[in-house]
Number of protein chains: 2
Amino acid sequence: MARLAGVSISTVSRALRQPDIVSPDVRGRIDEAIARLSYRRNVVAGALASARGMTIGVIIPSIINSFFAATIEALEQGMAGSGYQLLLGNTGYSAETERQLVSSFLAWSPAAMVLTGRRHQSETVGALLSSQIPVLEMWELSDHPIDMIVGFSHRSVGQIVLQHLARRGARQLGFIGAYMDKDYRTADRRTGFVEAALQSGYDAPIEVHLPERASAIGGATGLKELLARNPGIDAVFCSNDMIALGALFEAGRLGLAVPGDLKICGFGDLEFAAACEPPLTTVRPPGREIGLQIAKLLRGRLEGTTDGGGSFDLGVELVPREST
Amino acid sequence: MARLAGVSISTVSRALRQPDIVSPDVRGRIDEAIARLSYRRNVVAGALASARGMTIGVIIPSIINSFFAATIEALEQGMAGSGYQLLLGNTGYSAETERQLVSSFLAWSPAAMVLTGRRHQSETVGALLSSQIPVLEMWELSDHPIDMIVGFSHRSVGQIVLQHLARRGARQLGFIGAYMDKDYRTADRRTGFVEAALQSGYDAPIEVHLPERASAIGGATGLKELLARNPGIDAVFCSNDMIALGALFEAGRLGLAVPGDLKICGFGDLEFAAACEPPLTTVRPPGREIGLQIAKLLRGRLEGTTDGGGSFDLGVELVPREST
DNA sequence: CTGAAAGCGCTAACAC
DNA sequence: GTGTTAGCGCTTTCAG
């Protein structure tokens, strides 16, 4: 290949990485040879030689969860054309699995690592730190990120919802949350909600904690249980729109008018929320924005701009619709 | 590291790959040294030396689409512990993007490639073929797969739905499909439905084609348009449960009883389908099963069992509920 | 601006 | 069963 272009191997390598530092005619010959041989640079060899790979390890709890899927898609789009490839791993909400994933991803000598959340095993943090690469945590906030963190405050989500329901005249509050022993972000939203409720003089919200992942079925059974425990409940915060959807249908089956008899608020602003009857009030997390911001920070770091770490709060937005 | 264990480098390499061909005491010393130095094998160097990487390139139209997310998750679980990593790419339903992705994935010398669908650009197929690695297509069937294909027939989905609606006494049919110029699997479901309808003596179904991706909002507007075009429609096949959900809500707003005035059938058996009011009749595609089957085939191929190519039909299942 | 030489960390023959 | 010897295809000094 170098022979065909009549230049040395190293010149080819240079031409490929920084086309403008080689003379135009040499570049032309190389481009031509590349086309003729349909040559493709071997990323693996490149990674080995330069000791920095062209992968970015991304670890999320679950790819099924559309919150993270949106972030991944945005991240991928944001990194498109950079030559970096995403290596994806699911923890299934297990810190131990996360540790294993980090460990095996580091064997790829990735250019950077992206993790979900701020709570990790100490070995995980240690491995990350000693790898010396940019580390991005996401979907939460922290005063002491490993390196950089971009997300929002789940407690404020709970607070915002409480304030909204209070404004709409809620009297007795309910809460349905799923998978809270594993998904501590959901637990944070609950905490923000409950604390704000108590501070505002409400009775403690009646709570149903679903053991499984958020689902519409769970929302339906959750609402039934909630009302069985206290029929006076007139406003319920569901930790996820999917739960809210199930609660909405269940309210219909129970003959409860929404929002007249029961106000329902979700979280996620999933695509169907606006199409429900009544349209679902919810809180929109910056899922895509997180991915794009990470791509931006990553490109900055990887292309040399050595700005330090930090915490980036992308905020959330209450989307008031007719269900509250 | 080899020095610490008092053995040669190649012995270490052997011990790591086939632990049982080295003597137990040497193995012990190596294990200890690994622990002491918290050594991690460099996959990149391994890939370069052996010319076969430990990645599996997986290309899907969109990670946001929960159908594919389910497959990916199952595939990941099926490959867990094998040491292979998934490299994920989204085509955004573009064959051209697919070609680029295949091209850049091949630079990683992956152990195998997994693509969605059976229709690819000829360069894509050529590149894949010349790479000599196992290639898996999925979510469709084909008599002439590149290598192996695992999926089901989208046309039969349409046929099954038609038969079901006919049994339930449908008289005038409607169809709402999304993104059909890009997503030809949806188009196949439509074809199966329309052909079967005509064969069964129905008038041609009234069709609404949504330009965007499947969404509940689209389902709502789609149903409205459908009924505007022919108020006599009493059964509608929605190409996706999300569309069906929107149609369900819209039917409620229009004061139509489901299934009394209007039967609605979806596709996907998305998690909320069972929780709707009324619960949604739908067709369940074998999303997880596809992922698991691919993992099985892949492991067979990668571990030597050289069974040839083939087409694996995993079938679909009608899930009759109360909406029809 | 270009070429030569020395590896990156591992695997894969091949001897011992 | 274990050690030796060559590379894998690139990047990266370092000279010219």
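Computation of the quantities below employed the complete heavy-atom set of this structure, encompassing side-chain atoms and omitting hydrogens, waters and symmetry-equivalent molecules. The sequence lines fix the lettering, A, B, ..., with proteins before strands; numbering per chain opens at 1.
- For the residue pair A:His120 / A:Glu98, a side-chain donor-acceptor distance below 3.5 Å is found, with atom types taken as modelled.
- If A:Ile21 and B:Leu16 are placed on DNA chain C by their nearest nucleotide, the residue sitting closer to the 5' end is A:Ile21.
- Comparing B:Val7 and A:Tyr39 along DNA chain D, the residue whose closest nucleotide (by nearest heavy atom) sits nearer the 5' end is B:Val7.
- You'll find a donor-acceptor pair under 3.5 Å spanning the side chain of B:Ser10 and the base of D:dT4, going by distance alone.
- Note on A:Arg41: a side-chain N or O is less than 4.0 Å away from OP1 or OP2 of D:dT11.
- For the pair A:Arg118 and A:Glu137, the salt-bridge criterion is not met [side-chain N within less than 4.0 Å of a carboxylate O].
- Atom-to-atom, CG of A:Leu48 to P of C:dA6 comes out at 18 Å; the value is rounded to the nearest Å.
- Among the atoms of the strands shown, only primed sugar atoms or phosphate atoms (P, OP1, OP2) are found under 4.0 Å from some heavy atom of A:Val26.
- Closest to the side chain of A:Ala45, out of D:dC8, D:dT4, D:dG9, is D:dG9.
- Per the geometry, CD1 belonging to B:Ile9 stands 10 Å off P belonging to C:dC8, to the nearest Å.
- Donor-acceptor pairing under 3.5 Å is lacking for the side chains of B:Arg299 and B:Ser82.
- Mapping B:Ser50 and B:Pro24 onto DNA chain D by nearest heavy atom places B:Pro24 closer to the 5' end of the strand.
- Distance CD1 (B:Ile34) to C1' (C:dC10): 14 Å, rounded to an integer number of Å.
- Phosphate proximity of D:dT2 to B:Thr11: absent, as no side-chain N or O sits under 4.0 Å from OP1 or OP2.
- The side chain of B:Ser13 contributes an N or O atom lying less than 4.0 Å from OP1 or OP2 of C:dT11.
- When heavy atoms are screened at a 4.0 angstrom cut-off, A:Arg14 is found touching base atoms of the nucleic acid.
- When the side-chain nitrogen and oxygen atoms of B:Arg17 are compared with OP1 and OP2 of C:dC10, none of them lie within a distance under 4.0 Å.
- Residue A:Val44 is out of contact with every strand shown, counting any heavy-atom pair closer than 4.0 Å.
- When rounded to the nearest whole Å, the span between CZ of A:Arg29 and C1' of C:dT2 equals 11 Å.
- Rounded to whole Å, the distance from CG on A:Asn42 to C1' on D:dT11 is 12 Å.
- A salt bridge links A:Asp147 with A:Arg301: at least one charged nitrogen is closer than 4.0 Å to a carboxylate oxygen.
- Side-chain N/O atoms of A:Ser94 and A:Arg99 include no donor and acceptor closer than 3.5 Å.
- Spacing between atom CD of A:Gln18 and atom C1' of D:dT11 amounts to 12 Å, rounded to whole angstrom units.
- Electrostatic pairing of A:Arg213 and B:Glu271 does not count as a salt bridge here, judged by no charged N lying under 4.0 Å from a carboxylate O.
- In this structure, CZ of A:Arg27 is placed 16 Å from C1' of C:dT2, rounded to the nearest angstrom.
- The CZ atom of A:Arg3 sits 14 Å away from the P atom of D:dG9 (whole-angstrom rounding).
- Here B:Ser23 lies in heavy-atom contact (under 4.0 Å) with sugar-phosphate atoms only.
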